[in-house]
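To start, the structure itself, in structure tokens.
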Protein chains: 2
Amino acid sequence: MSRPYTIARLAAAAGVHIETIRYYQRLRLVPQPARPFGGIRRYTEADADRLRFIKRAQAMGFTLVEVESLLKLQARRSCHATRELAATKLRLVDARIRELRDLRKELAGLIADCDANTQDAKCPVIQRLAS
Amino acid sequence: MSRPYTIARLAAAAGVHIETIRYYQRLRLVPQPARPFGGIRRYTEADADRLRFIKRAQAMGFTLVEVESLLKLQARRSCHATRELAATKLRLVDARIRELRDLRKELAGLIADCDANTQDAKCPVIQRLAS
DNA sequence: ATAGGCTCCGTAGTATGGTACGGAGTCAAG
DNA sequence: CTTGACTCCGTACCATACTACGGAGCCTAT
């Protein structure tokens with residue numbers, strides 16, 4: 001197998017920092033290739049692909065723990081189990097959206113109340129918090 | 001001024017843990033009353049109110065740094081400045097909701113694709129991440 | 001062959017909002 | 001006045017996802 005990358009070139013190819021790769025190695029999210037006697041570790045295109053997979057999964061809101069599961073599911077080729085992981089994430093996202101909508105509503109209401117208020121000593125936001 | 005509370009009673013009155021109070025004292029979010037020679041610190045109802053204010057603000061999604069500002073604004077009695085802080089928070093919440101909606105949409109689409117998929121080796125979620 | 005850059009590795013620090021622990025001092029009830 | 005509970009204080013630790021640092025070893029170009 002061709003091993004074109006030093007760690008710095010791997011980092012550049014995947015768009016992450018060297019220290020991030022080392023961090024993922026410590027977490028065993030990515031493999032640490034053997035170090036030849038008196039030499040340095042070298043990396044493959046598959047290593048770059050794996051890092052890019054992780055980056056995309058993170059951009060989609062998955063935590064590193066979830067990414068670990070996704071990588072295992074990729075190897076296991078189980079679409080059903082993967083679907084379940086995505087569905088669980090979707091439920092979490094939905095719940096968070098609902099929370100934020102409620103918060104949004106309350107903030108918007110308080111701001112509107114501020115605009116209608118003329119007494120600095122009776123700020124609706126402060127009164128809501130000090131109640 | 002009446003000082004009815006020991007720190008444990010203050011914590012119970014405000015619904016927080018003792019260590020949370022000490023943590024807030026370190027952050028200077030709440031005052032640390034003087035310790036009498038050879039005695040223990042005692043707290044007032046105002047201290048309990050301040051802790052409850054913090055708790056409500058946190059429940060509304062404000063960080064402790066923002067809570068610090070809110071407490072100062074409470075003292076300054078500036079409804080306008082408070083409104084601006086709330087408006088900034090509202091913009092952040094809106095932005096986060098938009099992000100999560102996009103994510104939700106993508107996840108829902110991938111899950112639907114999984115339901116239509118019959119080949120475990122071509123899971124839409126995995127293909128999206130491995131692209 | 002040597003200079004300067006890169007790699008390796010372990011440890012420590014960042015932000016956030018706390019929680020846990022341990023020893024010494026203090027307080028209150030019996 | 002003793003005993004057990006509470007307080008004080010500093011430090012360390014939790015999760016999350018990194019980032020920084022330092023010294024030794026290695027690699028490459030001149």
Side-chain angles (χ1 to χ4, degrees), chain A residues 3-44 47-48 50-71 89 92-93 96 99, chain B residues 3-44 47-48 50-71 89 92 96:
Chain A
R3 299 197 157 268
Y5 299 124
T6 62
I7 195 166
R9 289 181 190 285
L10 175 66
V16 300
H17 293 157
I18 292 175
E19 288 311 316
T20 302
I21 296 174
R22 295 200 198 285
Y23 175 63
Y24 290 172
Q25 289 175 340
R26 282 201 294 280
L27 297 185
R28 301 188 178 279
L29 257 190
V30 301
Q32 187 176 46
R35 185 176 175 182
F37 293 111
I40 61 171
R41 301 180 202 283
R42 296 203 149 260
Y43 298 85
T44 67
D47 293 322
R50 194 170 174 94
L51 285 169
R52 284 188 286 254
F53 182 106
I54 294 170
K55 230 190 146 187
R56 288 191 203 100
Q58 279 197 294
M60 287 190 62
F62 292 99
T63 66
L64 290 183
V65 170
E66 289 164 340
V67 171
E68 197 181 354
S69 300
L70 285 168
L71 286 164
K89 192 74 190 172
L92 281 175
V93 169
R96 185 73 185 132
E99 280 176 19
Chain B
R3 299 198 157 266
Y5 298 125
T6 61
I7 195 165
R9 289 181 190 286
L10 175 66
V16 300
H17 294 157
I18 292 175
E19 288 311 315
T20 302
I21 296 173
R22 296 201 198 284
Y23 175 61
Y24 290 171
Q25 289 175 339
R26 283 203 293 282
L27 296 185
R28 301 188 178 280
L29 258 188
V30 301
Q32 188 176 45
R35 186 178 175 181
F37 293 110
I40 62 171
R41 300 180 203 284
R42 297 202 149 260
Y43 299 86
T44 67
D47 293 322
R50 195 169 175 95
L51 286 169
R52 285 188 285 254
F53 182 105
I54 294 170
K55 227 188 150 189
R56 286 189 204 103
Q58 278 198 294
M60 287 190 62
F62 291 99
T63 66
L64 290 183
V65 170
E66 290 164 340
V67 171
E68 197 181 353
S69 300
L70 286 168
L71 285 163
K89 191 76 190 172
L92 281 176
R96 186 73 184 133

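Note on naming: letters A, B, ... go to the chains in the order of the sequence lines (proteins, then strands), and numbering restarts at 1 for each one.
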Where protein sits on nucleotides 15-30 of chain C, one letter per nucleotide: B base, S sugar-phosphate only, - none, heavy atoms under 4.0 Å: --BBBBB----SSS--
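Rounded to an integer number of Å, the gap from NZ of A/K55 to P of D/dC18 is 10 Å. The distance between atom CD of A/Q32 and atom P of C/dC8, rounded to the nearest whole Å, is 8 Å. Atom CZ in A/R22 sits about 14 Å away from atom P in D/dA20, given to the nearest Å. Remark: C1' of D/dT7 and OH of B/Y5 are 18 Å apart, rounded to the nearest angstrom. At whole-Å resolution of the value, CD1 in A/I21 and C1' in C/dT7 are 12 Å apart.
Counting non-hydrogen atoms under 4.0 angstrom, B/R41 reaches the backbone sugars and phosphates but no base.
A heavy-atom distance below 4.5 Å is found between the side chains of B/I18 and B/R22. The closest side-chain heavy-atom distance from B/I54 to B/L71 is below 4.5 Å.
Interatomic distance, CG of A/L10 versus CZ of A/R41, reported as 13.0 Å (0.5 Å rounding).
Within the 3.5 Å criterion, the main-chain N or O of B/P33 finds no donor-acceptor partner in the side chain of B/R42.
The environment of CZ in B/R9 is sparse: at most 12 heavy-atom neighbours from other residues, nucleotides or ligands sit within 6.0 Å.
For the side chain to side chain contact (heavy atoms under 4.5 Å, CB included) with A/Y23, the qualifying choice from A/L64, A/V16, A/V30, A/L29 is A/L64, the only one to do so.
The shortest distance between the side-chain N/O atoms of A/T6 and the OP1/OP2 oxygens of C/dC6 is not below 4.0 Å.
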